[in-house]
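Here the structure is laid out as structure tokens; the discussion comes afterwards.
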Amino acid sequence: MRAVQYRTIGGDPEVVEIPTPEPGPGQVRLRVTAAGLCHSDSFVMSLPAEQYTYGLPLTLGHEGAGVVDALGEGVTGVELGASMAVYGPWGCGQCHACARGAENYCTRAAALGIAPPGLGAPGALAEYLIVDDVRHLVPLGDLDPVASVSLTDAGLTPYHAIVSSLAALPAGSTAVVIGAGGLGHVAIQILRAITGATVIALDVNEEKLMLARQVGAHHAIPSDDSAVEAIRSLTGGVGAQAVFDIVGAPATLEIARQTVAIDGVVQIVGIGGGVLPTGFFSTPFGASVRAPYWGTRTELMEVLDLARSGAIHVEVERYSMDQAPEAYRKLHDGTLRGRAVVVPGD
Ligand code: NAD
Ligand code: ZN
Ligand code: ZN
């Protein structure tokens with residue numbers, strides 16, 4: 001089968017021919033219908049050899065959807081031909097976190113060598129994908145896989161962050177979203193759908209600010225030296241009850257620090273290399289800082305339900321597998337609108 005792999009440190013992703021995998025006991029093989037490209041892939045491919053822990057060659061793609069194509073020994077509960085989304089942050093299935101569906105916070109995955117597809121295990125940027133367990137499949141039903149695949153990360157990750165701050169975001173509150181890219185443009189829609197907050201979006205790119213307004217941001221402003229003053233002024237000096245920093249760079253975390261309200265929360269979602277010290281000489285009284293990772297299985301079901309209701313959608317740029325390296329270049333350069341999705345069948 002064909003697959004998109006990261007093969008050498010510092011190299012570009014390559015389209016290669018590799019053996020089609022067979023599902024082992026308990027595993028499910030999907031024929032991939034869509035796979036999304038995430039900025040975390042760029043981050044992984046930017047790491048120097050001494051920090052790179054994902055194995056080589058690595059078949060990329062941690063946002064996956066597909067049709068059940070073959071069942072390993074002992075697998076029951078799924079029908080051949082069913083259209084599925086893949087829950088990516090695979091855990092052990094046994095610990096307390098996994099038992100409540102929060103496999104993203106599995107306490108044993110690292111020790112057991114369990115890694116998500118595309119971030120250690122072979123990923124979804126291939127014609128076929130092996131999923132380790134049926135519990136990591138969520139039926140898509142009538143949802144279009146190409147339009148929906150990125151809900152498994154670009155939807156699920158902001159949803160998980162927003163749900164944990166729900167109590168802070170009643171009518172009259174303010175939420176700031178820094179970075180209106182793949183995750184950010186869905187974050188804005190989720191905030192509009194499930195909270196009463198006024199949404200202020202920040203980005204460095206004028207087209208992304210336009211997209212932010214189109215998907216429901218009340219205000220979209222440049223992410224520069226003027227941002228702190230602008231947010232202060234839009235909130236009557238109070239600041240934002242929740243800041244979702246989906247860039248996570250030193251400059252954006254400084255904006256977050258200066259604009260989070262008293263007793264507010266900063267959610268660091270982006271992996272931009274920044275850290276935010278918390279304490280009496282940094283953040284306002286009562287403010288908390290959290291760095292959430294991905295989301296839970298039940299939250300993925302909820303995100304898909306939100307899409308089914310029409311409340312949220314992903315702006316998709318569609319690419320063939322041959323075009324995947326080009327799509328990664330655009331992701332790296334910041335010139336994509338919404339999410340790039342690769343369709344192996346194209
Ligand atoms: P993306 O490239 O689609 O979007 C990034 C956006 O940030 C772009 O619109 C870009 O213009 C904007 N931006 C860049 N610098 C900025 C700045 N200084 N101020 C404001 N906006 C700025 O990326 P994505 O796929 O949406 O991922 C966003 C981040 O989230 C990445 O760091 C990624 O690694 C991370 N991520 C984290 C998790 C998690 O579980 N915590 C999950 C997925 C992605
Ligand atoms: Zn991701
Ligand atoms: Zn576990």
Side-chain angles (χ1 to χ4, degrees), residues 35-46 60-64 88-112 114 116-119 123-124 133 135 149-150 152-161 176-188 201-212 220-225 227 244-256 267-274 290-297 314-315 317 327-328 330-340:
L37 274 51
C38 177
H39 211 109
S40 298
D41 299 334
S42 293
F43 170 76
V44 162
M45 290 188 278
S46 76
L60 292 157
H62 57 269
E63 290 181 348
W90 295 350
C92 72
Q94 303 293 320
C95 71
H96 278 78
C98 285
R100 61 183 171 87
E103 300 202 23
N104 51 321
Y105 297 135
C106 175
T107 52
R108 304 200 308 153
L112 293 173
I114 300 170
L119 293 167
D133 194 289
R135 77 175 188 281
V149 65
S150 294
T152 61
D153 178 15
L156 176 57
T157 301
Y159 184 81
H160 173 67
V176 167
V177 174
I178 306 179
L183 271 67
H185 88 289
V186 188
I188 292 164
L202 272 63
D203 206 292
V204 287
N205 177 316
E206 185 49 46
E207 282 164 32
K208 310 291 178 101
L209 290 175
M210 248 156 59
L211 172 61
I221 61 177
S223 181
D224 59 18
D225 291 346
F244 300 93
D245 186 346
I246 310 184
V247 178
T252 55
L253 284 172
E254 183 55 20
I255 294 172
Q267 300 257 7
I268 306 174
V269 177
I271 307 175
R290 179 170 185 257
Y293 172 64
W294 222 329
T296 71
R297 282 171 57 206
V314 182
E315 291 284 328
E317 285 194 15
Y328 269 119
K330 290 180 92 174
L331 175 67
H332 177 267
D333 296 344
T335 55
L336 287 172
R337 185 176 194 276
R339 203 59 148 180

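Remember, it's 1-based here, ligands and their atoms both numbered in the order they're listed. We're numbering straight along the sequence, starting at 1. No experiment lies behind these values; they were computed from the predicted model shown.
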Residue part near ligand 1, for Ile178, under 4.0 Å between non-hydrogen atoms:
side chain
One residue to check: Thr252. Relative to ligand 1, which of side chain, backbone, both or neither has a non-hydrogen atom less than 4.0 Å away?
side chain
As an exercise, identify every atom of ligand 1 less than 4.0 angstrom from a heavy atom of [X].
{"X": "Ser223", "value": "17 (C), 19 (N), 20 (C)"}
{"X": "Lys208", "value": "8 (C), 9 (O)"}
{"X": "Trp294", "value": "39 (C), 40 (O)"}
{"X": "Asp153", "value": "42 (C), 43 (C)"}
{"X": "Ile246", "value": "28 (C), 29 (C), 30 (O)"}
{"X": "Gly270", "value": "29 (C), 30 (O), 32 (O), 35 (C)"}
{"X": "Leu331", "value": "2 (O)"}
{"X": "Gly179", "value": "7 (O), 21 (N)"}

A side-chain contact here means heavy atoms from C-beta on lying under 4.5 Å apart; do [X] and [Y] qualify?
{"X": "Ile114", "Y": "Cys106", "value": "no"}
{"X": "Asn104", "Y": "Thr296", "value": "yes"}
{"X": "Glu206", "Y": "Pro222", "value": "no"}
{"X": "Arg297", "Y": "Glu103", "value": "yes"}

Identity and separation of the nearest protein heavy atom to [atom]:
{"atom": "atom 14 (C) of ligand 1", "result": "Val204 CG2, 3.9 Å"}
{"atom": "atom 25 (O) of ligand 1", "result": "Arg339 NH1, 2.6 Å"}
{"atom": "atom 31 (C) of ligand 1", "result": "His39 CB, 3.8 Å"}
{"atom": "atom 11 (O) of ligand 1", "result": "Asp203 OD1, 2.6 Å"}
{"atom": "atom 33 (C) of ligand 1", "result": "Ser40 OG, 3.4 Å"}
{"atom": "atom 35 (C) of ligand 1", "result": "Val269 O, 3.7 Å"}
{"atom": "atom 5 (C) of ligand 1", "result": "Gly181 CA, 4.2 Å"}

Below 2.8 Å, any N, O or S contact between Asp153 and the Zn ion (ligand 2)?
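An N, O or S atom of Asp153 is closer than 2.8 Å to the Zn ion (ligand 2), so yes.
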Strictly under 2.8 Å, is the Zn ion (ligand 2) approached by any N, O or S atom of Cys38?
yes
Once rounded to 10 degrees, what value does the angle at the Zn ion (ligand 3) take between SG (Cys98) and SG (Cys92)?
120°
Hey, is ligand 1 close enough to Ile271 that some N/O pair sits below 3.5 Å?
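Right, the criterion is met.
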Contact with ligand 1 for [X], non-hydrogen, under 4.0 angstrom:
{"X": "Gly248", "value": "no"}
{"X": "Gly334", "value": "no"}
{"X": "Pro292", "value": "yes"}
{"X": "His160", "value": "no"}
{"X": "Tyr293", "value": "yes"}

Is the distance between the Zn ion (ligand 3) and the nearest N/O/S atom of Cys95 smaller than 2.8 Å?
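It does: Cys95 brings an N, O or S atom closer than 2.8 Å to the Zn ion (ligand 3).
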Selected option - heavy-atom contact closest to atom 38 (C) of ligand 1, from Thr157, Val186, Leu156, Leu253:
Thr157
With distance as the sole criterion, is a donor-acceptor pair present between the side chains of Ser150 and Glu63 under 3.5 Å?
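A donor-acceptor contact under 3.5 Å links the two side chains.
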Decide if atom CG of Asp225 counts as having more than 12 heavy atoms of other residues, nucleotides or ligands within a radius under 6.0 Å.
no
Determine yes or no for a side-chain-to-main-chain donor-acceptor pair under 3.5 angstrom, with Lys208 supplying the side chain and Leu202 the backbone.
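The answer is no, because no donor-acceptor pair under 3.5 Å joins these two groups.
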Check the angle between the aromatic planes of Tyr293 and Tyr105 and answer parallel, tilted or perpendicular using the 30° and 60° thresholds.
tilted
